Structure formats: C-alpha cells, structure tokens
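Sequence lines set the chain letters: A, B, ... in the order given, protein chains first and strands last, and positions in each chain run from 1. Computed from a prediction, not measured in an experiment: that's the story for all the values here.
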Number of protein chains: 2
Amino acid sequence: MSRTDRILASAEQHCREQGVRMTPQRRQVMMLLLTQSGPQSAYQLLDQFKTQYQSNAQPPTIYRALDFLVQQGLAHRLSSTNQYLACDHITCHHGHQGTVFLLCDDCGAVQETPMAGSAISELQQSINSLGFVTQQNPLLEVHGRCANCNVH
Amino acid sequence: MSRTDRILASAEQHCREQGVRMTPQRRQVMMLLLTQSGPQSAYQLLDQFKTQYQSNAQPPTIYRALDFLVQQGLAHRLSSTNQYLACDHITCHHGHQGTVFLLCDDCGAVQETPMAGSAISELQQSINSLGFVTQQNPLLEVHGRCANCNVH
DNA sequence: CCATTAAATGTTATGTTATAACATAACTTA
DNA sequence: TAAGTTATGTTATAACATAACATTTAATGG
C-alpha cells in the first residue's frame, strides 16, 4: 500500500466516523493535493483536475471540494499565500490542537509542525481570559528561509 | 491632543527614526485606518479615500500606502479576511515580537493582544531547531466569538 | 543652484482569487 | 417511491491585487 493510499484510507475512515461523505470528486482533489510536492493555488489544482479528471470543470468544483477537506481537517488553507495543501498528520493520531507552517519564501517549500503543547495552552489561556471563545485550532504561518535554502 | 493625533505623532517619529518618509498620502491612509472602528478591506479604504481625499484615486494608491504601513509595523494585514487595521500598539513601546488577533466572526470586531513571551520563545525554539530562519514577527489570527457577542 | 539619481505617485490595464445564484442530479430516509 | 437533503453543474460576476510604464517630487552631490 502506497503512502497516498494509506493517507486516503485514513481520510475515508475519518469521514465515516464523522458521518460525512468522501465523494469521488472530493477524493480526486485530495489525491491531487497528496501527489503534489508543495502547496498549490486553487486554480493550479483546477488545471490539474481538468487535465486528470474532468476537462470542463469550473472553479466552484474545486473550491467546494477544498472547503470540505479543510473543514474536515484533511487539508489546510494557507491564507497568507492563498494556497492549499494536504494535512501532513492525517495518519498519525496526535491531536491537531495547534499547527505551525514554516513557509520558505525562497523555494516555496512548506513544513508543517505541531505547536508545543505549553505554547498552545498559554495561547488558549490568554484568549480565554479575554472572554473570547474559539472552536478552531490555531494555524500559524511563519515566513522565512528553510534549512536547505539557508545553506545555499 | 486627540488619540489619533498622538498615534500619528508616534508613527511619524517612528518613520524619522527609520529614515523613511511619511508622505501626505500615507498619512491619509493611516488616518483612515485610525478613524475606523474595525478592520477594513483595501477597497473599502479606497472608497473612503476617494470620498475624503481624492475622488479619482486608483487601487495601487491604497495598496502602496498599505504595503508601506504594514512594512513599518504601523498597520497589520489580516490575511484570513483580506483586511487591514492600524496597529494598536504604536504608542506603547513593548516590542512587537508576536501578536494574536482575535477575530469575532459574529460582529467583525478584532482584538489585538501581545503573545506571551514564553509562548513566543517556545515557538522560536521549535522553528530554529528545524533550521528555519525568520525575520518576521509571527501574527496569529484566531477566529471565534468575542466576549460581548457571547453574552447575547 | 542645478544636474543626477532615487523615491513616490498617477494611470491604464489586467491578473488572480473566490463566490452568488440557480438548475440538475444523486443520495438518504421513512 | 416520494420527500427531503446533500452534492454537483453551469453561468456569471464579485472581490482582491499587481504589472507596467509615465510623470512628478524629493534627496544628493558637485
């Protein structure tokens, strides 16, 4: 079983548990995300979708699938770059309470890394102390240069 | 001296120290941000700019001023909502090492609050340990409901 | 003070990202 | 199998942002 197959299987499992439907179209978009090396814009994904699956697809097709995947935590949206990528932690089962994305401005690579538990609880505490209520898990997007690009 | 005047004076001081120019146009856009109750989109600001200052202004005028103000740390861009607001901590002098924005999805209000120092250093540490180098101060955008909206 | 350069602004056009709105089809459930 | 719900197809357009080049204004050095 390949890496993508394993992740897809986990994603399907997740959907069954949540009582939501992993339709063919959603799976196809998930597949596109999984086979990419890095984050993609919605229109890049649309182009690939048209090539690989359905030549006359329109933007709402992609945006709807992406919205679904993001809601389910199977993909993430990087709002600072308007890009989308598959969640890198679908198969592992540590909670997704806080995530940091390290975005290399040089090569475009993204590294997804869990936020330290203590940092999360400090954040939660300062948020709660202001009476603010959030469902969402915080996503932090940090721009800079990755280890590899720093060498060169 | 009014609140906005005080902030504008601090902003000008900041620009002098940095050797950059607070031109009339930039000051006007800063003024617009300061007189708003909440974050605004670039096109909302453009409309206000046209009404108050220059009826034939075009998008680049606003985007250039906003880019400048954001670069100087005098304003922030909320990438999750494509909105802009004046920095709430121009006159105080604690460093802006990390900022959390609490965005109320109900009433649209935004609260800007400094990130706890220990949370910042934990983040920095996990970022550094991956060989990632960043100049930028992390901005975290957290969506939810504000204290006021939770009451109602 | 004037020439040169650099920085900012004016202006036109267009690129990119995202969604509204409504029609149709496919699933779900009783 | 009818009724309700969820998903998809399709057209059009809204919202956000920048490229490119002309012009003006400010800064700098002789």
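- Using modelled atom types, no side-chain atom of His14(A) and backbone atom of Leu74(A) make a donor-acceptor pair closer than 3.5 Å.
- Among the atoms of the strands shown, none is found under 4.0 Å from any heavy atom of Gln44(A).
- Taking each heavy atom of Pro59(B) and Tyr43(B) in turn, the nearest pair found is CG-OH, 3.5 Å.
- Between the CG atom of Leu45(B) and the P atom of dA17(D) there is a distance of 11 Å, given to the nearest Å.
- dT17(C) atom C1' lies 15 Å from atom CD of Gln58(A), rounded to whole Å.
- Leu46(B) has its CG atom 13 Å from the P atom of dA15(D), to the nearest Å.
- Nearest nucleotide to the Arg26(A) side chain, out of dA17(D), dG9(D), dT8(D): dT8(D).
- In the set dG10(C), dT10(D), dT8(D), the nucleotide with an atom closest to the side chain of Gln54(B) is dG10(C).
- Side-chain heavy-atom separations under 4.5 angstrom define the hydrophobic clusters, and the remaining members of the one that includes Phe101(B) are Leu78(B), Leu85(B), Leu103(B), Val110(B), Leu139(B).
- At the heavy-atom level, Tyr84(A) lies under 4.0 Å from the strands shown only through sugar-phosphate atoms.
- Checking dA18(C), dA19(D), dC27(C) against every side-chain atom of Ala42(A), the shortest atom distance belongs to dA18(C).
- Nearest heavy atoms, Ser10(B) versus Thr91(B): OG-CG2, 3.4 Å.
- As a whole-Å value, the separation of Tyr63(B) OH from dT16(C) P is 15 Å.
- OP1 or OP2 of dT11(C) lies within a sub-4.0 Å distance of a side-chain N or O belonging to Asn56(B).
- Along DNA chain D, the nucleotide nearest Thr61(A) and the nucleotide nearest Thr81(B) are compared for position; the residue whose nucleotide lies closer to the 5' end is Thr61(A).
- The CE atom of Met22(B) sits 11 Å away from the P atom of dT9(C) (whole-angstrom rounding).
- A side-chain donor-acceptor contact under 3.5 Å links Gln58(A) to the backbone of Asn56(A).
- The nearest whole Å value for the distance from the CG atom in Leu66(B) to the C1' atom in dT9(C) is 15 Å.
- Relative to the side chain of Arg64(B), the nucleotides dA20(D), dT10(D), dT18(D) differ in distance, and dA20(D) lies closest.
- Listed candidates were dT10(D), dT11(C), dC27(C). Nearest to the side chain of Arg21(A) is dC27(C).
- One N or O on the side chain of Arg26(B) and one on the backbone of Arg21(B) form a donor-acceptor pair closer than 3.5 Å.
- Where Thr23(B) and Ser41(A) each meet DNA chain C at their nearest nucleotide, the meeting point lying more 5' is that of Thr23(B).
- Phosphate proximity of dA15(D) to Asn82(B): absent, as no side-chain N or O sits under 4.0 Å from OP1 or OP2.
- The listed nucleotides are dG9(D), dG10(C), dT18(D); the one nearest the side chain of Gln25(A) is dG9(D).
- Between the side chain of Tyr43(B) and the base of dA14(D), no donor-acceptor pair under 3.5 Å is found.
- In this structure, Arg16(B) atom CZ and dA26(D) atom C1' are separated by 17 Å, rounded to whole Å.
- With rounding to whole Å, Leu78(A) atom CG is found 17 Å from dT16(C) atom C1'.
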